[in-house]
Number of protein chains: 2
Amino acid sequence: MAGRKARGAGSGAGITSRDVAKALNISQSTVSRAFTPGASISPALRDRIFAAAEKVGYRPNLLARGLIAGKSNLIGVVLARQTNLLYPELLYELSGRLAERGYQVLLFPIGDAASVQDAINRIWSFRVDAVLATGVLDEAAVSAFEQHGLPLVMFNRVFDLPISSVSCDFAAGARDLATRLLKAGHRDIGLVGGPEGSFVGAEVERGVRAALAGWADARLSVAHVDYRYESAAEALKLLRREDGGLPGALLCVNDTVAAGCLDQLRGTLGRTVPGDVSVVTFGGFGPARWQSYRLTGMQQPMDQMTDAAIELLVGRIADSQSGVERRSFLPVFMEGDTAAI
Amino acid sequence: MAGRKARGAGSGAGITSRDVAKALNISQSTVSRAFTPGASISPALRDRIFAAAEKVGYRPNLLARGLIAGKSNLIGVVLARQTNLLYPELLYELSGRLAERGYQVLLFPIGDAASVQDAINRIWSFRVDAVLATGVLDEAAVSAFEQHGLPLVMFNRVFDLPISSVSCDFAAGARDLATRLLKAGHRDIGLVGGPEGSFVGAEVERGVRAALAGWADARLSVAHVDYRYESAAEALKLLRREDGGLPGALLCVNDTVAAGCLDQLRGTLGRTVPGDVSVVTFGGFGPARWQSYRLTGMQQPMDQMTDAAIELLVGRIADSQSGVERRSFLPVFMEGDTAAI
DNA sequence: ATCCGATTTGCATACGCATGCAACAAATTT
DNA sequence: AAATTTGTTGCATGCGTATGCAAATCGGAT
């Protein structure tokens with residue numbers, strides 16, 4: 001147990017193509033060719049090599065392969081915590097489908113703002129082939145990627161820069177939702193938006209205002225809070241009028257905060273939903289569709305968006321000349337039990 | 001635009017230490033030393049190198065570094081879909097804390113059983129330093145890792161093999177929960193377990209039976225369904241007695257299915273909870289704590305478990321001789337609105 | 001000035017694999 | 001049977017970095 005060699009504690013940690021070659025009395029390059037699709041090698045020998053490799057537990061070292069090819073087969077995914085409950089699903093789907101294409105997802109979680117630069121450094125260092133990022137990167141970070149020729153696709157965030165993106169059209173969705181509320185007779189609408197400066201929040205507000213433009217007697221109040229369930233109480237406080245009343249319709253930017261509003265209204269505030277107040281949201285997150293919530297609102301077409309993201313990522317890797325592309329997807333209306341519309 | 005060189009479309013994709021060296025008229029090894037903590041280099045020169053590197057956008061290539069060191073700084077995380085809603089949180093926390101220690105999380109999603117072998121192959125190929133896996137790996141897969149000396153830590157699954165693991169003590173938790181139910185007067189308990197063969201399901205059942213052992217007049221019915229919300233209906237059908245009655249207490253293995261039961265009971269079946277039926281669960285997932293659910297049950301100490309997982313992973317990487325360690329954590333009781341206990 | 005020790009730098013090589021080129025064997029043609 | 005083609009294999013090299021060893025530089029003490 002004492003005098004072990006450093007390399008790999010167990011038996012077959014550091015098995016190389018040379019080991020396989022030696023076992024078969026052939027050259028290392030031949031072994032390499034056996035594992036290179038399309039390379040020149042006789043089927044019989046390849047089978048023998050595969051068998052020998054299997055026996056000694058050899059697997060090609062993708063790090064070394066990547067070093068030569070200048071391609072790591074790694075795709076970096078940058079994500080922040082506590083933004084959207086749908087993102088875990090995105091992550092799962094994305095990584096699964098990318099795996100089918102030979103890519104592996106490398107995670108770059110962002111804690112606070114300070115860790116952004118750190119994450120970017122690590123992304124560089126790992127030589128990922130492309131990056132998918134949710135809204136946590138700012139313009140400076142984002143343009144750095146593109147300047148250095150690293151394919152970047154933003155998810156649910158569009159910049160005024162030549163950056164590819166895949167996003168849900170929150171403005172159109174919000175306009176649609178607001179219009180439905182207006183047509184149903186609502187004239188007093190409260191918007192529970194994301195934190196000040198949030199892209200999605202701004203888009204939603206833009207859409208709502210567009211819808212309200214044609215209705216002179218309609219009024220809009222806006223509350224900016226973060227995306228937590230607990231923030232709903234604060235939002236409702238902000239939306240309360242001088243006379244103590246609340247808007248008859250709440251448009252929430254997010255499932256979590258919508259659920260919070262719903263619970264506040266029905267619980268603490270003793271309102272009925274959708275009787276007294278209507279609540280609509282952007283979501284589609286599973287639990288928000290459970291019987292006790294059944295939130296009415298707009299659903300992001302995550303499936304299509306995931307596909308689009310993959311297409312853009314892989315496309316840019318294959319052809320670095322392929323240009324910037326912004327794909328926008330209309331959300332679909334989702335019936336529920338929380339709005340009289 | 002036409003005659004671009006292959007290597008990296010943009011400007012600084014493939015910048016090497018040699019480029020930095022050339023710019024400063026020094027040797028490549030010196031640049032390397034500047035980026036190697038503890039290496040012999042004068043502070044003045046190091047500063048100049050850092051400045052030059054910054055200017056040309058150089059970052060050390062971790063793939064190459066890993067090739068030499070026999071260490072990739074990658075930690076593979078194997079996870080299946082649709083198991084536990086808490087796992088996204090685990091993933092986020094884990095990747096964040098590992099990043100602080102210089103490790104990056106590489107994702108290996110498992111779709112169907114067939115993809116397990118495929119995932120294992122890729123794990124090998126990427127030369128990850130260690131692997132954390134949720135319960136999707138079987139004994140064969142698991143022992144393959146250890147035989148080849150790749151540190152593996154299982155999350156919430158214990159094998160009768162020398163494999164390290166971090167897990168919540170579901171048996172003890174279930175025993176505690178069941179005892180609470182019994183002491184509150186419940187004698188007819190229904191267990192909504194995971195799919196047949198599930199580790200967690202078996203553990204929970206074991207715990208419940210241990211609790212019931214001392215109560216001769218208590219009876220237990222068990223329903224095995226998968227972890228989906230929709231499965232609750234099926235579970236309740238399975239638990240229905242010949243006379244049409246239902247158990248007075250439901251012990252669910254998972255937040256999702258517990259929420260499903262709750263909604264079925266209150267909705268379709270017209271029961272009150274916790275009046276007619278008590279529902280308890282294993283969980284702690286955010287939305288299951290929202291006002292409309294407030295599920296009573298046991299919460300896994302994810303924070304401690306995450307820390308333990310990191311400790312075991314990093315420990316095994318640093319010292320490959322460190323032995324197998326199984327860390328078990330007691331879940332903590334979580335008050336709620338769904339059980340009369 | 002001279003020498004010694006300490007510090008800093010360069011040179012050469014290796015990590016594991018892929019690939020161009022040359023060598024070779026086998027299959028086909030003339 | 002010789003010439004040509006086609007198909008396989010080995011040799012040598014490079015990807016970007018780290019590191020042992022030797023060379024070089026520097027500071028100070030003699």
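The basis for the numbers below is simple: all heavy atoms, side chains too, and nothing from hydrogens, waters or symmetry mates. Letters A, B, ... are given to chains in the order of the sequence lines, protein chains preceding strands, and every chain is numbered from 1.
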Exercise for the section: Answer with yes or no whether R59(B) presents, from its side chain, a donor or acceptor under 3.5 Å of a partner atom in the base of dG16(D). Expected result: no
Exercise for the section: Round to the nearest Å and state the distance from I68(B) atom CD1 to dC17(C) atom C1'. Expected result: 14 Å
Exercise for the section: Please answer whether the main-chain N or O of E325(B) pairs with a side-chain N or O of S164(B) as donor and acceptor at a distance below 3.5 Å. Expected result: yes
Fill in the blank from the handout: Judged by nearest nucleotide, the residue sitting upstream toward the 5' end of DNA chain C, I26(B) or T16(A), is I26(B)
Exercise for the section: Starting at atom CZ of R18(A), determine the distance to atom P of dT13(D), rounded to an integer number of angstrom. Expected result: 14 Å
Practice task
Would you mind classifying the nucleic acid contact of L45(B) as base, sugar-phosphate or nothing, using non-hydrogen atoms under 4.0 angstrom?
Solution key: sugar-phosphate
Problem - 5'-most by nearest nucleotide on DNA chain D - R33(B) or N61(B) - result: N61(B)
Fill in the blank from the handout: Taken to the nearest whole Å, CD1/I49(A) to P/dT8(D) is 13 Å
Problem - Atom-pair distance (CD on Q28(B); P on dC15(D)), nearest Å - result: 12 Å
Exercise for the section: Indicate yes or no for a side-chain donor-acceptor contact from N121(A) to the backbone of D118(A) under 3.5 Å, with no hydrogens or angles considered. Expected result: no
Exercise for the section: Could you tell me whether a side-chain N or O of S42(A) sits under 3.5 Å from a main-chain N or O of L45(A), the two making a donor and an acceptor? Expected result: yes
Exercise for the section: State whether T30(B) places a side-chain N or O below 4.0 Å from either non-bridging phosphate oxygen (OP1 or OP2) of dG10(C). Expected result: yes
Practice task
Starting from P on dG16(D), measure out to CG on D19(B) and report it in whole angstrom.
Solution key: 8 Å
Practice task
Would you indicate, yes or no, if dG16(C) has its OP1 or OP2 atom less than 4.0 angstrom from a side-chain nitrogen or oxygen of S17(A)?
Solution key: no
Practice task
Measure from NZ on K71(B) to P on dA18(D) and round the result to the nearest Å.
Solution key: 13 Å
Handout entry: Atom pair distance, as rounded to whole Å: CD1 in I41(A) and P in dT19(C)
Key = 14 Å
Problem - Distance below 4.0 Å between S42(A) side-chain N/O and dT9(D) OP1 or OP2 - result: yes
Handout entry: Any S32(A) side-chain nitrogen or oxygen under 4.0 Å from OP1 or OP2 of dC17(C)
Key = no
Exercise for the section: For residues I317(B) and I75(B), determine if any side-chain heavy atom of one lies less than 4.5 Å from a side-chain heavy atom of the other. Expected result: yes
Practice task
Please evaluate the base of dC11(C) for a donor-acceptor partner in the side chain of S29(B) within a cut-off of under 3.5 Å?
Solution key: yes
Problem - Closest listed nucleotide, where the reference is the side chain of T36(B) and the choices are dG16(D), dT17(D), dT19(D) - result: dT19(D)
Practice task
Respond yes when some side-chain nitrogen or oxygen of R65(A) is under 4.0 Å from OP1 or OP2 of dA18(C), and no when none is.
Solution key: yes
Fill in the blank from the handout: Closest to the 5' end of DNA chain C, once L62(A) and N25(B) are matched to their nearest nucleotides, is N25(B)
Problem - Side chain to side chain, I41(B) and I49(B), heavy atoms closer than 4.5 Å - result: yes
Problem - Length of the line joining L63(A):CG and dC15(C):C1', which is rounded to integer Å - result: 11 Å
